[in-house]
Amino acid sequence: MIFHLFFFIVGLAILYFGAKGLVGGASRLASFFGIRPIIIGITIVAFGTSAPEASVCIIAAIKETKDVAIGTIIGSNIANIGLILGLSALVSPLKIDSAILRKELPIMIITTLAIYILAMDGKIGFYDGLLLFSGIIVFVVFCYLSGRKDSSYHVTLLEFKQGTGAQGKNIALCIGGILALIGSAHLIINSALFLAKTFGISEFIIGVSLVAFGTSLPELATAIVASYRKEADICLGNVIGSNIFNILFVVGLVAMITPFYIEKRVLIFQFPIMLLFSIILIPMMKKDFILSRKEGVGLFLGYIAFMVCLFNSWIRDTIGFI
């Protein structure tokens, strides 16, 4: 147990430095190419920080532990909003670009609603997965076109040649940061799984809580560093993009490998909570176009309440008391 606790702490340290490199490199790349920072955050950064969810879910599906996989996605998406955006707003209030409310946030809500509807029959099968995976292709194309359209300027060939060296370092920072995030997340997840199983917690509860928290640590580290550096668009793009990638890419890909079977209580409790956390961002962000520290506290407390209800339900079902 001490061995796993040591690697958990080491993983956290690597996570921080990986996030710092990723945010720094991504924000400078966005500035150089004249791309809205949120487009970088919602694609490159979000895809990188969603890699742990993808790898964990694929491995879980292959090992026939799909409760861990679906629990990880639901828990991670809730944590991305409640825990990560909540804590990020506490570090520094997040200034909201109105374009986020018109474009990226509605896409996240529609995506979340779509998986809920697909899961209502108790199964997310091959064709459901194919539909979701097709959505990620459309989404990436949309982001590319949106990034080109919204660019304030275009880099000339001379400017590109002059900045190649610096941008090469920024690209290296992004790649190195993503690799560090993935590696450290695996250290943390393996340690958390060992510690959780030691106490006899069910696979779904492990997935929706500890594994989801572990796979969300890259997003958490990236978002907090971005918030501290006043890179609100990177922070928001990371969270919104990660939720979209988790559903369209991760669930879509895994469902094409092997179907998910969804329990009725998950449809009644966890799915609606995931959708509620997505929708509640609209009134919060519209208010003065700032996600304030007060609203950050509300999101964070909402996440804590969700976790308390989750474990209270598990205790009632397994031990027989509240």
Side-chain angles (χ1 to χ4, degrees), residues 5 8-9 11-12 15-16 19 49 52-53 67-68 70-94 108-109 112 185 188-189 191-193 195-196 199 201-228 235-236 238-240 242-243 246 265-285 287 290-319 321-322:
L5 184 60
F8 188 86
I9 295 171
L12 287 175
L15 199 68
Y16 170 77
T49 55
E53 283 92 337
D67 282 350
V68 172
I70 194 64
T72 297
I73 296 301
I74 295 172
S76 179
N77 280 19
I78 293 172
N80 283 347
I81 297 173
L83 177 64
I84 295 171
L85 272 188
L87 291 180
S88 297
L90 282 172
V91 171
S92 178
L94 302 174
M108 184 187 76
I109 294 171
T112 305
I188 294 165
I189 291 164
S191 300
L193 278 172
L195 294 171
F199 295 98
I201 302 174
S202 71
E203 287 184 356
F204 181 80
I205 297 296
I206 290 174
V208 83
S209 56
L210 289 177
V211 179
F213 176 76
T215 56
S216 293
L217 283 173
E219 288 95 332
L220 177 60
T222 302
I224 288 178
V225 171
S227 177
Y228 178 76
C235 176
L236 290 165
N238 174 41
V239 169
I240 294 172
S242 180
N243 278 19
N246 283 347
R265 60 180 177 180
V266 176
L267 291 171
I268 294 173
F269 180 51
Q270 282 87 0
F271 268 99
I273 294 296
M274 181 172 64
L275 183 59
L276 177 62
F277 266 95
S278 300
I279 294 173
I280 202 172
L281 286 178
I282 295 178
M284 285 185 172
M285 289 184 174
K287 185 181 178 182
I290 292 177
L291 195 63
S292 67
R293 286 191 173 93
K294 182 179 179 181
E295 289 160 336
V297 170
L299 289 173
F300 179 71
L301 291 179
Y303 176 74
I304 296 299
F306 166 71
M307 295 302 294
V308 169
C309 290
L310 182 70
F311 277 93
N312 181 63
S313 174
W314 170 72
I315 291 171
R316 186 174 61 247
D317 292 343
T318 58
I319 301 178
F321 64 87
I322 299 177

Any idea which heavy atoms bring Glu295 and Lys287 closest together, and the distance?
OE2-CD, 3.7 Å
Say you draw a straight line from CD1 of Ile78 to CD1 of Ile84; how long is it, rounded to the nearest 0.5 Å?
12.0 Å
How long is the span from the CD1 atom in Ile273 to the CD atom in Gln270, to the nearest 0.5 Å?
8.5 Å
Nearest 0.5 Å, what's the CD1-CD1 distance between Ile109 and Ile280?
11.0 Å
Would you mind reporting whether Asn80 and Asn77 have side-chain heavy atoms less than 4.5 Å apart?
yes
Where is the tightest heavy-atom contact between Leu85 and Ile81, given as atom of each residue plus distance?
CB-O, 3.2 Å
For residues Leu87 and Leu220, determine if any side-chain heavy atom of one lies less than 4.5 Å from a side-chain heavy atom of the other.
yes
Heavy atoms of Tyr303 and Phe277 approach each other most closely as N-CZ, 3.7 Å
Please examine the side chains of Phe306 and Leu83, heavy atoms only from C-beta on, and report whether any two atoms are closer than 4.5 Å.
no
Is the backbone of Ala223 close enough, under 3.5 Å, to the side chain of Ser227 for a donor and an acceptor to pair up by distance?
no
What are the two closest heavy atoms between Leu299 and Gly86, and how far apart are they?
CB-CA, 4.0 Å
Look up atom CD1 in Ile279 and atom CE in Met108, then write down how far apart they are to the nearest 0.5 Å.
9.5 Å
Gap between atom CD1 of Ile73 and atom CG of Asn246 - 0.5 Å precision:
4.5 Å
Can you tell me how far the OG atom of Ser292 sits from the CG atom of Leu90, to the nearest 0.5 Å?
9.5 Å
If you look at every heavy atom in Val266 and Ile74, which pair is closest and at what distance?
CG1-CD1, 3.7 Å
Which atoms form the tightest heavy-atom contact between Arg293 and Ser92, and what is the distance?
NH2-CA, 4.1 Å
